[in-house]
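Report on one structure; see the data block that follows.
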Amino acid sequence: MNTVIEKFIGLQKEILSNFALKCDREKSNTSFREDVQKYFCLENKFGWNIMLNSYYVINDTELAKTSFNKFGLQGPSRYTDIGERYLRLYGLLNSIYQQKIAVENLIEIFKLPNPKELTENLKQSEVILLRNKIASHPSNYSIIKENSEHKFDVYEIVRADLQSDKITLLRNQNDFEYYDLPKSIKAFDNILEEILDKITSKIIKKIFNNNGKYYDELVKINLIRDGFMIIGNSIIKFD
């Protein structure tokens, strides 16, 4: 079953695909990228390339999160291997960071209001801060705390806790920090979903004036976000 993030991307891709199928290249005096630029009101024709790349990156990296939700850091092999946990943790965190970049690119090409606020929310999400501490530059983390004695902090992962899928960091060989990784990822997903909803809503309002099957599908996705289950024409809410 697709995640809500995949549903938003799938709907945007369907709109693009439907436009491509209807686009009569023989009658057009412009390139396909120029046609896409005009249809989606993009700033320049390279926006098409950025759009497609963002869709691919978000879908591909969503697979990493799905694997983590299903198998944890241990992975499907079920071998007791601490190296596997490190690989999956680093890969997971950097996949999420790639999603952050891809969504920021979509924010830019679709010119969402308050882009600095949206990107700052992504930047300050706990899982991105965790990624920067241990999967990017753990020996030179520049966002320091008041009790830091140097111009940067250093972080270590507590290996004993990692064996149990727990994320505990030791900062400057002195202070412990504890992270609930699934909870942090869920909070990040909520931010992503909100942004993707804004982008999809803007596209549908601009092109279809909030009418038709794409608008109906957007409504369904947001119902699912709110905890409803849709089976055929039935909408079910679980308490």
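A quick note: this is a predicted structure, and the numbers were derived from the prediction, not measured. FYI, the numbering just counts along the sequence from 1.
In this structure, CG on Asp189 lies 11.0 Å from CZ on Arg225, to the nearest 0.5 angstrom. The distance from atom CD1 of Ile107 to atom CG of Leu196, rounded to the nearest 0.5 Å, is 8.5 Å. Atoms CG and CG, on Leu93 and Asn132 in that order, are 9.5 Å from each other to the nearest 0.5 Å. Atom CD of Gln163 sits about 4.0 Å away from atom CD1 of Ile82, to the nearest 0.5 Å. If you take CG on Leu129 and CD1 on Ile134, they are separated by 11.5 Å, rounding to the nearest 0.5 Å. Atom CG of Asp60 and atom CD of Glu62 lie 10.5 Å apart (nearest 0.5 Å).
The shortest distance between side-chain heavy atoms of Ile58 and Phe8 does not fall below 4.5 Å. Between Leu63 and Asn59, the closest side-chain pair of non-hydrogen atoms is not below 4.5 Å. Taking 4.5 Å as the limit, every side-chain heavy atom of Asp161 sits out of range of all side-chain heavy atoms of Ile167. In this structure, the side chains of Tyr55 and Leu106 come closer than 4.5 Å at one or more pairs of heavy atoms. Side-chain contact between Phe228 and Lys220 is absent, with no heavy atoms from C-beta onward closer than 4.5 Å. The side-chain heavy atoms of Tyr97 and Val127, taken from C-beta on, include no pair separated by under 4.5 Å.
Closest non-hydrogen pair, Leu122 versus Ile128, comes out as O-CG1, 3.4 Å. Listed here is the closest heavy atom pair of Ala135 and Tyr90: CB-CD2, 3.9 Å. When all heavy atoms are compared, the tightest approach of Ile185 to Lys65 is CG2-CD, 3.8 Å. Contact between Gly47 and Ile109 at its shortest, heavy atoms only, is O-CD1, 3.7 Å. Residues Ser125 and Ile191 share a closest heavy-atom pair of CB-CD1, 4.0 Å. Closest approach of Ala102 to Ser54, counting heavy atoms only: O-OG, 3.3 Å.
Phe176 and Tyr178 have parallel rings, their planes meeting at less than 30° on a 0 to 90° scale where 60° marks the start of perpendicular. Using cut-offs of 30° and 60° on the angle between ring planes, the pair Phe208 and Tyr214 is tilted.
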CA sep, side-chain torsions, deciding dist, call: Leu130, Ser184, side chain to side chain contact (heavy atoms under 4.5 Å, CB included):
CA-CA 9 Å; Leu130 175 63; Ser184 297; 5.8 Å; no
For the pair Thr168 and Ile157, evaluate side chain to side chain contact (heavy atoms under 4.5 Å, CB included) and give the outcome as yes or no after the intermediate values.
CA-CA 6 Å; Thr168 304; Ile157 303 173; over 6 Å; no
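Between the side chain of Glu34 and the main chain of Ser31, a donor-acceptor pair closer than 3.5 Å is present. A distance-only check finds no donor-acceptor pair linking the side chain of Ser17 to the backbone of Lys13 [under 3.5 Å]. With hydrogens and angles disregarded, a donor-acceptor distance shorter than 3.5 Å links the side chain of Asp180 to the backbone of Lys183. Listed for the Asp81 side chain is a donor-acceptor partner under 3.5 Å among the backbone atoms of Gly83. Here the side chain of Asn172 pairs a donor or acceptor atom with the backbone of Val154 at under 3.5 angstrom. Asn209 places no side-chain N or O within donor-acceptor distance of the main-chain N or O of Asn211, the cut-off being under 3.5 Å. In this structure, Glu6 contributes its side chain and Thr3 its backbone to a donor-acceptor pair below 3.5 Å.
There is a side-chain donor-acceptor pair under 3.5 Å between Arg33 and Asn49. Under 3.5 Å, the side chains of Gln98 and Thr61 contain no donor-acceptor pair of N or O atoms. Asn222 and Asp197 share a side-chain donor-acceptor pair at under 3.5 Å.
Applying the 6.0 Å contact sphere to NZ of Lys198 captures no more than 12 heavy atoms from other residues, nucleotides or ligands.
Between Phe40 and Trp48, the distance separating the two ring centers is not shorter than 6.0 angstrom.
Using a 4.0 Å cut-off between a side-chain N of Lys or Arg and a carboxylate O of Asp or Glu, Glu104 and Lys100 qualify as a salt bridge. Salt bridge absent: Glu14 and Lys7 never bring a charged side-chain N and a carboxylate O closer than 4.0 Å. Using a 4.0 Å cut-off between a side-chain N of Lys or Arg and a carboxylate O of Asp or Glu, Asp153 and Lys133 do not qualify as a salt bridge.
Residue pairs that meet the salt bridge (Lys or Arg N to Asp or Glu O under 4.0 Å) test with at least one member in residues 41-52, sequence neighbours left out, are Glu43-Lys111. Here salt bridge (Lys or Arg N to Asp or Glu O under 4.0 Å) pairs that include residues 82-93, with residues two or more places apart or in two chains, are Arg85-Asp165.
Not counting sequence neighbours, Tyr179 has no partner by the ring pair (Phe, Tyr, Trp, His ring centres under 6.0 Å) test.
Under the 4.5 Å side-chain heavy-atom criterion for Ile, Leu, Val, Met, Phe, Trp and Tyr, Ile96 and Leu87 are members of distinct hydrophobic clusters.
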